[in-house]
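Proteins come first, then strands; the chains are lettered A, B, ... in the order of their sequence lines, and each starts at number 1.
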There are 2 protein chains.
Amino acid sequence: MSTYDETTLARVALTWLAEPGTRSVWKLAAELGPAAALDLLLDGGAPEQGLRDSVAARGQAGAARAIATEALKRADRLGARVVVPGDDEWPGTVEQLRHLRLPAPRRRVDVETAPPLCFWVRGPWPLAETLERSVAVVGARAATPYGLHVATELGYGLADREWTVVSGGAFGIDAAAHRGALSAGGRTVAVLACGVDRPYPMGNTALFDRIADVGLLVSEWPPGAEPLRPRFLIRNRVIAAGTRGTVLVEAAARSGATQTTRRALALHRPTMVVPGPVTSAMSVGAHELLRDEPDARLVTGLAQVLEEVGRIGELAPVPRGPDRPVDLLDDDARALVEAMPRRGTVDVDDLAARAGLAVRTVLRKMSLLEELALVVRREDGYALAAAAYRPHVPR
Amino acid sequence: MSTYDETTLARVALTWLAEPGTRSVWKLAAELGPAAALDLLLDGGAPEQGLRDSVAARGQAGAARAIATEALKRADRLGARVVVPGDDEWPGTVEQLRHLRLPAPRRRVDVETAPPLCFWVRGPWPLAETLERSVAVVGARAATPYGLHVATELGYGLADREWTVVSGGAFGIDAAAHRGALSAGGRTVAVLACGVDRPYPMGNTALFDRIADVGLLVSEWPPGAEPLRPRFLIRNRVIAAGTRGTVLVEAAARSGATQTTRRALALHRPTMVVPGPVTSAMSVGAHELLRDEPDARLVTGLAQVLEEVGRIGELAPVPRGPDRPVDLLDDDARALVEAMPRRGTVDVDDLAARAGLAVRTVLRKMSLLEELALVVRREDGYALAAAAYRPHVPR
């Protein structure tokens, strides 16, 4: 087997002792280092009674380091690997979970949203690079044909434009998004709430096998871990934090998928919602989000998703002619377009500061940009016009 | 025939000389009085060349006052009446059109949005009272079964709760909304772009007859007037201005119905949009509005429409128990709830001013209201909680 250092072993053991996301465990690991944190917990030194109890209970089941060693061996046998902070593969974006605070958290899972301590990964791609340009497509298990159609199209379209699709492993929207991506020959990532060797549900086994071949299966839980119910909700924070943005396709009221979406909102990631018929119970959650959350953006298809997650200049794979006005700009003008906020207005002084240009230059270039209809002047400053960032793709 | 005074005759004649909504004509009538304005126009004294030309062209067709007298006689024969400012029946809300300025108007119809000079009315109800509690339901002619279902349900539900339904006379969403209201035994108003004696389209003749019996047919154009194309767009400003709010059910991109909705937005009236499948061309206009207009509110059904157009204490017809917390408040507390803005926050000083209470009283009552979960405290002031105004109706 590959050799793993003491730190990695400790991270694996900590994840076994307490569910991923537990803030106090993550803090101890960050402050003392994983190995010392593990020793402290094993010595009954956890800072909270609840955690001391659960560590003691787990301790009955076996020695933490031995169990971690066993898990690492098992992973090795099935061709999985463990990825920890500091590895090239570690996706830095999930570290932003340390700042995640959900409004009015009522359940344990809404409080214990610390970054992961490790990931188990199966599949041929480096995890961090694969998530670099990724969009989460999430939604209901009991999806309607409408939702399945939309999720498949989105999965296909994203993969076709070289974006990675990320979702869970459930029936319905999750599976449709993966299948869409696979049919475009693109990368897709299933983030699981159980071991990567026993993906759940069984009915998706063929799909999981295919994803392990050409995409990635990812989990915070070690091989063999069962898909306990709370784990799906714990897992959702990773889908929100590991991607550039999240699209909700169909969801019943207060479903797990809306929960992922609320995490994406709390992380200030582009959060997109596909509406549906108001007569469909499977769009109630989507419409609730659009009504309640001013930052949730209604999207009707791929082009609008790309508008939200793409940045200027990042849309190269999209075929387009030389007629995109932004291509014709000189460096200063282009810098100004790039410095404009995606929404809202900015005044000239701020803009000069953001773009690093003289106010005089900004004023001259902004009139030009206004003439080209790339920016619009409003009472309280300048705003980006849609033409400045809209990719030329069919809607 | 009934006798009409010189002013009414002049208003009718002015509407014949220039299409309703023409700002310069409305201004002349407001400044000089309708009779003097008519004389000025007939003497070739219109302030714009275009208007002079069109007055001259219409003048070829007959003497304006004689034609107006003829129209009034014709209306009398068919049991229609003319309603003008100053009449009890005149709906004052349409006067707000004098302030309507659409963003980036590109067409004549987006500029010439002055208030009506007169209405022709057929039906048993006083016009102003009927529009007092009214909601416009507008949408596509080529509606889908989904849209027809939603419009019929909304029409039924509004009428059932004693709201007047207002729409045009087209096939599709318009007709479905009227039929829904009629089936609830409620009032419904068709605002037409032609004479009330020749409603268009012919295929809706039975529907128009029924509306004339138990609702109202309303038009700015005299009996006999043809439904010329631009008139539908001219008419839309009246649907937006004459109602408490507008609901868009289905609309293709840039359709007439989205145009009505944009007028409602510009008038700062509650403007509501029903989403639909993103795969439906008939919801493209609806989704465009929801994406482009922050003030357009997504609604999924009757309860949410009533939330937008209703005011506290105005929901009496809704059956509810004694458990609505707002019913238990003393006068000061109730005054505070009623003085709160429907959206956004207000600070204590403003609120004291709005409610006419001492700051000391406001502070005391607000803690109580906060405890009752009727208001919430935010960083920048107090906001109304949903419970304070939500009617107890099934969703």
Side-chain angles (χ1 to χ4, degrees), chain A residues 103-104 139 143-154 157 247-250 252-253 272-305 307-308 343-344 373 376-379 383 385-386 390 395, chain B residues 103-104 139 143-154 157 247-253 272-305 307-308 343-344 373 376 378-379 383 385-386 390 395:
Chain A
T144 70
Y146 164 68
L148 296 175
H149 169 81
V150 172
T152 308
E153 290 283 305
L154 276 180
V247 188
L248 177 72
V249 175
E250 277 193 321
M272 297 151 275
V273 178
V274 177
V278 297
T279 47
S280 166
M282 279 300 127
S283 287
V284 170
H287 296 147
E288 273 179 2
L289 269 168
L290 286 170
R291 283 173 55 80
D292 296 350
E293 301 289 348
D295 291 336
R297 186 95 170 114
L298 185 153
V299 291
T300 65
L302 179 66
Q304 293 173 355
V305 171
E307 255 183 54
E308 297 296 314
R343 293 192 202 155
V376 289
R377 203 190 321 206
R378 302 238 170 91
E379 262 174 34
R390 183 168 294 156
R395 282 161 182 265
Chain B
T144 69
Y146 164 69
L148 296 174
H149 170 81
V150 172
T152 307
E153 290 284 306
L154 276 180
V247 188
L248 177 72
V249 175
E250 277 193 320
M272 296 151 276
V273 178
V274 177
V278 297
T279 46
S280 165
M282 278 301 127
S283 286
V284 170
H287 296 147
E288 274 181 0
L289 269 167
L290 287 169
R291 283 173 54 81
D292 296 349
E293 301 288 347
D295 290 336
R297 187 94 169 112
L298 185 152
V299 292
T300 65
L302 179 66
Q304 294 173 352
V305 171
E307 255 183 54
E308 296 296 314
R343 292 193 203 154
V376 289
R378 301 237 170 92
E379 263 174 34
R390 186 166 295 157
R395 280 159 183 264

- [ ] Could you look at A/V299 and say if it's the side chain, the backbone, both or neither that has a heavy atom under 4.5 Å from chain B?
- [x] both
TODO: Could you tell me whether a side-chain N or O of B/E250 sits under 3.5 Å from a main-chain N or O of B/T144, the two making a donor and an acceptor?
DONE: yes
Open item on the list: Could you measure the distance from the CG atom of A/L154 to the NE2 atom of A/H149? Nearest 0.5 Å is fine.
Closed with: 9.5 Å
Task: Atom pair CD (B/E307) and CZ (B/R297), whose distance is rounded to the nearest 0.5 Å - done: 7.5 Å
Task: Value rounded to 0.5 Å, distance of CG in B/L289 from CG in B/L298 - done: 11.5 Å
Open item on the list: Among B/V274, B/V278, B/V150, which residue has the highest count of heavy-atom pairs closer than 4.5 Å to chain A?
Closed with: B/V278
Task: Top contributor to chain B interface from A/S283, A/P277, A/G301 [non-hydrogen pairs under 4.5 Å] - done: A/P277
